[in-house]
Amino acid sequence: MLAAVAIMSVTLFLACAFFVIAAGSQAVLYYFEGRPQLNAYFKSDVIPTPQQIESIKSKVLSTGLIDKVKYISKEDAFDIYKNLNKQDPLLLEAVTPGMLPASIEVSTKNPNDLKAISELIKSEPGIDDIRFEEDVVVNLTRWTNSLRTIGIVFVGTHIFITFLVILLIVGLKVANRKEEISVMQLMGAGMGYIAAPFVWEGITYGIIGAIIAWGTVYLIILYSMGFLLTLLAGIPILPPPILFMFQVLGGTTLMGVIIGAIGGWLAVVELVSGGHGPRIVAWDRRVRVEGIGDLLMGVLYPRVRARGGGADLARAAGGSHGGAWLISRACARGLEARGRDGERPVRTSRSSYCDFGRSPRAVTIRDRHSRNVLVDAQSETE
Amino acid sequence: MIAAQDLTKRFGDVPVLEKVTFNIGDGEFVFLTGKSGSGKTTLIRLLLRDLLANSGSLVVNDIDVSKIPSGKLPDYRREIGVVFQDFKLLADRNVLENVSLPLMFRGVTTPEIESSTKAALEMVDLWDKASLFPAQLSGGETQRVAIARAIVARPRLLLADEPTGNLDPMTAKMILKLLREVHTELKTTVIMATHNADLVNHSSLRVITLDKGKLTKDNQKGKYEE
């Protein structure tokens, strides 16, 4: 339980953190994109005529690249200046409207077009200087895209690992209750009834993990608010809106619930589709073991995984060909396969791929070093 | 109701049932007898579709058992009540919960579950022990709970695999009496596997005898013969 919640919390924390950082970067990007991206300043002694202004406006608008274009007169510039420096009377006194240049603010649909627009306006009479934040926007776009890609890969990997851990933990619980499940199946229990408690267990891990992850991310944001405000230098995205944070909580919980539910469901399906958990389902010199034990082996020893997926994981053959390859691989990787016929062991020849001398009625596969039993399967006859 | 034709089941090279043919009509009570290893349990498991036959056909309630898709298996099994020799009650659930399980699988409403479970437990005279757990019951009581569980959903077919195998003679007779009451009152077809000759000989019911996987006798007069 603790392991499942811990791995779920770590994964959801990463997902939550990456999402918040990506959303923050996006907000910063929007902030910069929303500001006039290019300012064309007239000489400070020039007061442009309406015809001059209209000429520049129509020239840039005719390119079809423009989102917004606006003329800022000397008076408008002074108002902006006053607004920005209202806390500092000394600065206000030192400046008069005549000292500030009139300008034209241009926003392009694509920041990459700023340079071309800049070239276009530069040659206009009366234009003194052109400034634009091309680098900021382009770099920020690049950074946001990279962050998103890294986040998806990183979080995706963690989701996969979490999924496997949930599958293993719930799978072990399912395996422990295989006898009970088998009885319920014989009495007519459907998959939904059998799977429900395990799916709920996975969902519970998801919800607890999501709350822990979200709480941790929120605490980190609140704790580092001072540092972040300095770093963002007045870009107004902090503190994050409460509604946004609750949306993040909802998304994180949904993700946890989906991972937990699918993990729980698959753990049961793996057992139930085998019918009776780990068991020998077919033999006649050849033996196939199916069930949750196989799944464990598949996870612990991925190279032992059968070609058909998670189901066929261990095969043994009395002959020298056929289905021997899986057991042979198991043996090659430090596992030991033992066959039994009642209480009598069926001899295996380790030197030749753990072949069984004759069909065993049960097979135990264990780790040679730890002696942990990975598969303990009985035939249908027992 | 049940029609088996040349039913054969092998485990590896070992034949467990060989070309077994019989018919059982609706509402019959049939003993399935034979020595240990004669194939009684295998036949019960084939009827329950816990195993598949290697050849031959088995039709239950007009359904070819070998052709039931896995998704429809729960529906098929819900028409069958089963009593296991080793009871197979769920240890962590009390008597009431154990007996109500088949109804829960069917998605029956709570009031109906309560009334049907009470009726089944009253029939086996264990309503006063509804809150006890399996570990707190005697062998006979445990088997009666298993019978209550098997009949609670009023199945068309009741399979009892050696239901008296672990019980003393007195309790065994009581269990048989109970199964006959179920058969009479619910009109359920009952197949009871047993090797208890005394029980069989004191009844006048049909007896199907298996020996080494072959059907050797189908005696309508209730006589256990090896």
Side-chain angles (χ1 to χ4, degrees), chain A residues 173 176-197 268-277 279-288 290 311 316-319 322-323 339-342 346 356-363 377-382, chain B residues 9-17 37 39 41-42 44-52 54 68 70-84 86-93 97-108 134 146 149-153 155 157 159 161:
Chain A
K173 293 194 173 187
N176 283 338
R177 291 178 59 187
K178 67 179 179 185
E179 182 68 28
E180 184 182 329
I181 290 171
S182 169
V183 173
M184 290 201 284
Q185 278 185 289
L186 291 176
M187 290 193 297
M191 182 62 111
Y193 187 90
I194 292 169
V268 183
V269 167
E270 176 64 24
L271 177 88
V272 173
S273 62
H276 298 271
R279 65 168 188 165
I280 298 169
V281 291
W283 59 1
D284 183 8
R285 288 169 66 82
R286 279 190 292 178
V287 179
R288 192 174 79 235
E290 287 187 349
R340 297 191 304 278
D341 187 353
V346 174
F356 291 109
R358 60 194 167 87
S359 295
R361 289 184 182 269
V363 169
Q378 301 253 323
S379 83
E380 289 176 341
T381 54
E382 292 193 341
Chain B
K9 176 66 185 174
R10 283 189 298 272
F11 290 119
D13 298 330
V14 184
V16 185
L17 284 178
T41 298
T42 301
I44 296 274
R45 291 179 68 187
L46 287 170
L47 284 164
L48 201 51
R49 236 309 286 275
D50 190 27
L51 293 176
L52 275 172
N54 293 92
I68 302 170
S70 56
K72 293 281 179 196
L73 207 47
D75 293 335
Y76 169 74
R77 286 175 175 162
R78 284 171 200 162
E79 294 295 321
I80 301 172
V82 58
V83 182
F84 302 98
D86 56 352
F87 321 126
K88 293 197 191 297
L89 297 183
L90 306 188
D92 60 345
R93 302 194 195 197
E97 290 164 339
N98 265 290
V99 174
S100 62
L101 270 177
L103 297 170
M104 296 173 85
F105 301 152
R106 286 162 175 79
V108 174
R149 185 180 65 180
I151 62 169
V152 70
L157 172 63
L159 303 174
D161 185 11

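Each chain gets a letter, A, B and so on, in the order the sequences are listed, and its residues count up from 1.
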Nearest heavy atoms of [X] and [Y], plus distance in Å:
X: B:V152; Y: B:L103; value: CG2-CD1, 3.5 Å
X: B:R93; Y: A:E180; value: NH2-OE2, 3.5 Å
X: B:P155; Y: B:A150; value: CG-O, 3.2 Å

Item to check | Side chain, backbone, both or neither of B:R49 within contact of chain A (heavy atoms, under 4.5 Å) | outcome: neither

Checklist entry - Can you say whether B:Y76 sits under 4.5 Å from chain A via the side chain, the backbone, both, or neither, judging by heavy atoms? => result neither

Item to check | Sub-4.5 Å side-chain heavy-atom contact between B:R10 and B:P15 | outcome: yes

Next on the checklist: Out of B:L48, B:I80, B:D92, B:V82, return the one with the most heavy atom pairs under 4.5 angstrom to chain A.
Outcome noted: B:L48

